[in-house]
Structure formats: C-alpha cells, structure tokens
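Fair warning: this is a prediction, and the values are worked out from it, not measured in the lab. In each ligand, atom 1 is the first atom listed, and ligand 1 is the first ligand listed.
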Amino acid sequence: MSYRRGALIVLEGVDKAGKTTQCKQLVHALQQSGRPAEMMRFPDRTTQIGQLISSYLEKKNNLEDHTVHLLFSANRWEMVPLIKKKLDQGITLVVDRYAFSGVAFTSAKPGFTLEWCKQPDVGLPKPDLVMFLQLNPNVAAERGEFGTERYETSVFQRTVQQRFEQLMKDTSVNWKVIDAARSIEAVHNDIKVLCENSINESENLPLGELWK
Ligand code: NYM
C-alpha cells in the first residue's frame with residue numbers, strides 16, 4: 001500500500017465564530033467515517049510555555065507585546081515534532097487556531113506590522129486547508145457577552161478581523177471562507193466536505209512549509 005499521510009486542517013476566525021464547536025464536530029464526524037483524526041488547539045495551555053501564555057491571557061501576569069508574540073509562536077514550534085509524527089501516522093489533525101491567529105492578534109496592536117509578526121512562524125508545517133469562519137462583528141455580539149480574557153472586546157476583534165482579511169489575500173495559503181452565521185449543522189456540513197476533499201488531495205503530497 002502506498003504511503004498516506006494525514007491532512008493538516010486549521011480553523012480560524014474571530015472569537016465566538018464557533019471554531020471550537022466545529023473542530024470537535026469535525027473530528028467526531030471524521031472518526032465516525034473511519035478516518036483517523038485528532039484535535040489540537042493553540043495556544044496549547046498544557047505546556048510550560050502555554051501556562052505562561054494562559055496566565056497572560058487571564059491577566060494574571062503582564063508580558064511585553066513582542067515577547068508574548070514569540071511565546072505564542074514557540075508554543076506552536078514545540079508541538080511540531082508531534083504534529084509531524086501524527087501526520088506521518090496517517091492521522092488528520094484538526095487545529096483550532098494556528099499562526100494566522102498569532103499574526104492577526106498581535107498585528108492588531110499598535111506598532112506591529114504583518115510582516116514582522118509572520119517571521120517567527122515562517123517554516124511551520126503548512127496547513128493543507130485553512131477554513132476561516134466568517135462572522136460579522138454585530139452578529140458575534142448577539143451571541144452574548146465576550147469573556148474577561150485579554151483581547152475580548154468588540155473594538156479589538158474588529159481590527160483582528162481586518163488583519164485576517166489582509167492575511168487571506170495571500171494565495172500561497174489554501175484559504176476557504178465559511179459563512180459562520182448559519183446553523184451549526186449547516187456550517188458543519190460545508191466544513192466536512194471541504195475537509196474530506198482536502199484529505200484526499202493531500203494524502204500523497206509532501207507537507208509544505210508555511211510562508212516560505
Ligand atoms: N491568540 C491565539 C493570540 O493572540 N496569538 C496566537 O498565536 C493564538 C494561537 O489567544 N483571544 C489569542 C486569540 C484568543 C486567545 O484563544 C486564546 P482561545 O481559542 O480562546 O483559547
């Protein structure tokens with residue numbers, strides 16, 4: 001039998017777009033159809049670096065803006081050996097946020113360019129598919145109050161959305177925009193079809209390097 005790797009699938013979007021719910025449903029659906037799949041999320045708050053990030057987000061500690069950006073990136077790099085191992089084993093990884101969130105959130109702060117923010121993540125495993133859950137900020141606001149973590153304000157999220165739009169102009173990344181204002185089920189169905197196609201297309205292709 002020929003070698004078949006798993007696909008690296010990323011879900012992105014502003015807060016409250018439904019990424020986590022959709023990641024879980026997608027992994028479940030893939031497993032039900034007999035395809036090995038696992039979920040990952042960034043930040044991964046379980047590692048030492050992740051714990052620093054988590055207490056920063058919870059406003060329990062303060063970190064300089066460049067420093068925290070590099071920590072978010074380091075938190076992805078520390079998972080690269082595991083990502084590669086799982087993909088090699090034929091497991092499809094469904095990832096809740098990746099380098100795109102890293103760039104969109106930091107570059108929404110004053111004094112940061114998109115180019116500077118991308119650099120630490122250059123060369124990460126390149127996702128085979130990045131699905132952007134598109135949700136109008138007004139509709140997001142109707143989904144209830146934001147939490148109390150850092151960045152969870154409408155004003156900041158609007159800027160984050162603009163940064164994602166800039167990132168999506170890059171055609172070297174396989175972006176698909178999904179209308180996330182619809183029912184969970186309708187969104188899930190679209191995501192599942194895109195993901196299955198991507199699994200089939202990438203299984204015999206080498207894994208790429210992001211932004212290289
Ligand atoms: N975030 C997430 C960043 O600022 N940079 C990153 O690299 C990543 C992956 O962390 N508001 C932000 C986006 C979110 C916050 O995410 C935590 P979650 O999915 O709520 O745990």
Enquirer: N/O to N/O below 3.5 Å, does that happen between Y98 and ligand 1?
Expert: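 In fact, backbone or side chain, Y98 has no N or O that close.
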Enquirer: Which of the atoms of ligand 1 are close to R41, meaning less than 4.0 Å from one of its heavy atoms?
Expert: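 Per the distance check, 18 (P), 19 (O), 21 (O).
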Enquirer: Looking at R97 and D15, does any basic side-chain N land under 4.0 Å from a carboxylate oxygen?
Expert: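 Looking at R97 and D15, the cut-off is met.
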Enquirer: Is H69 in contact with ligand 1, taking contact as a heavy-atom separation below 4.0 Å?
Expert: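 So H69 does not count as touching ligand 1.
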Enquirer: Using a strict 4.0 Å cut-off to heavy atoms of F42, name the atoms of ligand 1 that fall inside it.
Expert: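 Near F42, meaning under 4.0 Å from one of its heavy atoms, ligand 1 has 9 (C).
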Enquirer: Can you tell me which residue and heavy atom of the protein come closest to atom 3 (C) of ligand 1, and the distance to 0.1 Å?
Expert: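 Among all protein heavy atoms, the one nearest atom 3 (C) of ligand 1 is F72 CZ, 3.3 Å.
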Enquirer: Please work out, at 4.0 Å between heavy atoms, whether the side chain, the backbone, both, or neither of L57 comes within that distance of ligand 1.
Expert: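 Under 4.0 Å from ligand 1, L57 contributes side-chain atoms alone.
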Enquirer: Answer side chain, backbone, both or neither: which part of P43 comes under 4.0 Å from ligand 1, heavy atoms only.
Expert: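 Under 4.0 Å from ligand 1, P43 contributes backbone and side-chain atoms.
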Enquirer: Quick test: of every protein heavy atom, which one is nearest to atom 7 (O) of ligand 1, and how far off is it to 0.1 Å?
Expert: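 The protein heavy atom lying closest is R76 NH1, 2.8 Å.
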Enquirer: Between Y151 and F105, what is the ring plane arrangement, given parallel below 30°, perpendicular above 60°, and tilted in between?
Expert: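 Correct class here is tilted.
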Enquirer: Checking side-chain polar atoms at under 3.5 Å, does Q161 have a donor or acceptor matched by the opposite partner on Q157?
Expert: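 On atom types as modelled, these side chains do not qualify, holding no pair under 3.5 Å.
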Enquirer: Give a yes or no on whether a salt bridge exists between R76 and D44, defined as a side-chain N under 4.0 angstrom from a carboxylate O.
Expert: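 Salt bridge: no.
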Enquirer: May I ask you to check whether R97 has an N/O atom sitting below 3.5 Å from an N/O atom of ligand 1?
Expert: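 Yes, since at least one N or O of R97 sits under 3.5 Å from an N or O of ligand 1.
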Enquirer: When the ring planes of F112 and H69 are compared, do they come out parallel, tilted or perpendicular, using 30° and 60° as the limits?
Expert: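 Tilted.
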Enquirer: Looking at ligand 1, does K19 have a heavy atom less than 4.0 Å from it?
Expert: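 Not so, K19 does not reach ligand 1.
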Enquirer: Do the non-hydrogen side-chain atoms of T21 and I184 ever get within less than 4.5 Å of each other?
Expert: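 Yes. Closest side-chain heavy atoms under 4.5 Å.
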Enquirer: With heavy atoms under 4.0 Å as the rule, classify the contact between T20 and ligand 1 as side chain, backbone, both or neither.
Expert: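 For T20, no heavy atom sits under 4.0 Å from ligand 1.
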Enquirer: Do K59 and E149 sit within salt-bridge range, that is, some charged N less than 4.0 Å from a carboxylate O?
Expert: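 Result for this pair is no, no salt bridge flagged.
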Enquirer: Run the salt-bridge test on R158 and E165 with the 4.0 Å N-O cut-off and return the result as yes or no.
Expert: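 E165 and R158: not salt-bridged.
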Enquirer: Do any heavy atoms of R45 fall under 4.0 Å from ligand 1?
Expert: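 Within the 4.0 Å threshold, so yes.
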